[in-house]
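The figures here come from the full heavy-atom set of this structure, side chains too, leaving out hydrogens, waters and symmetry mates. Naming convention: chains lettered A, B, ... in sequence-line order (proteins, then strands); numbering from 1 in each chain. This is a predicted model, so every value here is computed, not measured.
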Number of protein chains: 2
Amino acid sequence: MGKMQNFENLKKEAAEKAVEFVKPGMVLGLGTGSTAKYATLRIGELIRDGKLENILAIPTSDRTAELAAEVNIPLTDLVKNPKIDITIDGADEIEPSLNVIKGGGGAHLREKLVAQSSKKMIVVADESKLSDKLGEKWAVPVEVLKIAVETESIFLKSIGAEIKMRKNENDENFITDLGNFIIDADFGVIENPYQLAGKMNSRAGIVEQGLFLDLVGIVIIAGKDGVRILEKK
Amino acid sequence: MGKMQNFENLKKEAAEKAVEFVKPGMVLGLGTGSTAKYATLRIGELIRDGKLENILAIPTSDRTAELAAEVNIPLTDLVKNPKIDITIDGADEIEPSLNVIKGGGGAHLREKLVAQSSKKMIVVADESKLSDKLGEKWAVPVEVLKIAVETESIFLKSIGAEIKMRKNENDENFITDLGNFIIDADFGVIENPYQLAGKMNSRAGIVEQGLFLDLVGIVIIAGKDGVRILEKK
């Protein structure tokens with residue numbers, strides 16, 4: 001078995017470990033990304049085999065909605081079911097107190113909506129996502145209104161960010177589901193993510209930023225030495 | 001002269017007092033409302049009479065944009081001109097340290113964008129808008145994503161609000177320029193507006209709330225005893 005193949009197996013194992021927290025009758029949030037997709041597939045398997053009944057799921061992206069529909073997971077939304085029991089999602093960067101950065105896929109608004117409505121959020125990821133501090137490896141994705149792209153660029157630079165407009169594959173500005181732009185704001189190592197989040201959150205024009213603070217309860221990591229579980233203290 | 005007529009004259013006087021701060025070459029934010037409209041009219045007058053040159057203005061609403069165009073004020077936007085010298089706008093409730101509630105017209109997102117990009121924000125209002133503390137007279141308008149209306153209703157109630165969906169004249173849910181709903185969140189008297197704003201700002205799904213804190217530099221009040229000026233200490 002090649003290394004890549006083996007690594008995919010570990011990601012699958014991590015996702016399946018997360019699914020062990022899921023019980024019949026739950027409302028679930030379904031994340032997006034290369035590890036989270038295995039959780040969706042596993043939930044579909046358990047439903048098919050009659051081992052998991054009365055599940056309703058809210059996808060965090062159109063891609064996940066399609067995958068969930070393919071494996072016959074009944075879908076709902078946050079208007080019909082505003083309270084979620086468990087969400088399983090990926091993350092781009094994870095630090096030891098389980099604060100994370102998300103938004104590499106440009107869907108962190110919908111992802112944060114689902115996360116903040118969840119009793120328990122479980123992040124599944126491979127070990128390349130672990131950092132000592134947020135910002136070591138990843139810029140903070142900042143979704144901004146089109147009309148505010150200049151004012152918020154100026155603002156982000158004024159609080160120390162190097163900024164880059166998120167582009168699509170045609171090198172045009174990336175447009176989110178809600179019709180906004182994304183600015184990737186590189187603050188370097190973030191010493192105080194709460195303070196930084198507070199500053200960005202207070203701005204009209206910033207629709208949502210990718211710091212997920214105190215939202216994650218459990219992280220399940222796939223690494224070369226196997227799968228390990230980190231719990232919020 | 002009737003009382004009403006007299007009161008309109010005072011509002012006009014307050015607005016014209018605000019316009020005295022405007023100098024040639026400035027970029028202006030133009031507010032909306034029954035007092036702010038007199039400022040727009042006055043600026044148009046000064047431009048017409050050759051007393052105010054090289055003005056560019058950013059309206060906070062479509063209504064104001066129309067009025068400004070009628071009186072030949074050159075318009076721009078926050079992408080072309082992200083730095084505003086002076087904004088003159090109204091407010092729904094004003095307390096002594098010049099924190100205010102806005103959003104009665106449902107445009108507080110655009111209004112806050114303009115306010116936070118302004119070197120100086122001047123609020124013009126009649127004295128009925130004054131309170132000892134915010135929340136005495138006015139609920140906080142909270143613009144929410146449609147998909148988040150249930151989760152954010154639950155959230156607002158959990159932090160102590162009595163909530164009401166904003167309706168239009170046909171008793172349908174009011175829709176903002178950006179396609180969102182407005183929840184009017186009545187917290188009663190707000191003892192700590194900073195804390196309350198922080199809680200709401202941290203929520204994905206809340207696009208913008210109507211507490212304008214530390215944004216207003218000068219308030220010009222039209223009252224039955226004349227016009228007075230309050231300055232931020």
Undergrad: Report which part of Lys146(A) has an atom under 4.5 Å of a heavy atom belonging to chain B: side chain, backbone, both, or neither.
TA: backbone
Undergrad: Is there any residue in residues 95-123 of chain A with a non-hydrogen atom under 4.5 Å from a non-hydrogen atom of chain B, and which ones are they?
TA: Leu109(A), Lys112(A), Leu113(A), Gln116(A), Ser117(A)
Undergrad: What residue, out of Lys80(B), Lys83(B), Gln209(B), Arg203(B), has the most heavy-atom pairs lying under 4.5 Å from chain A?
TA: Arg203(B)
Undergrad: What residue, out of Ile147(B), Leu211(B), Asn81(B), Val149(B), has the most heavy-atom pairs lying under 4.5 Å from chain A?
TA: Ile147(B)
Undergrad: For Glu152(B), is it the side chain, the backbone, both or neither that has a heavy atom under 4.5 Å from a heavy atom of chain A?
TA: side chain
Undergrad: To check you understand the geometry: which heavy-atom pair defines the closest contact between Ala204(A) and Glu208(B), and what is its length?
TA: CA-OE1, 3.0 Å
Undergrad: Measure Leu213(B) against the heavy atoms of chain A and call it side chain, backbone, both or neither at under 4.5 Å.
TA: neither
Undergrad: Mind checking which of residues 163-182 of chain B sit less than 4.5 Å from chain A, heavy atom to heavy atom?
TA: Leu178(B)
Undergrad: If you count heavy-atom pairs under 4.5 Å with chain B, which of Val79(A), Asp77(A), Ile206(A) comes out on top?
TA: Val79(A)
Undergrad: If you draw a 6.0 Å radius around CD in Glu136(A), do more than 12 non-hydrogen atoms from other residues or ligands fall strictly inside?
TA: yes
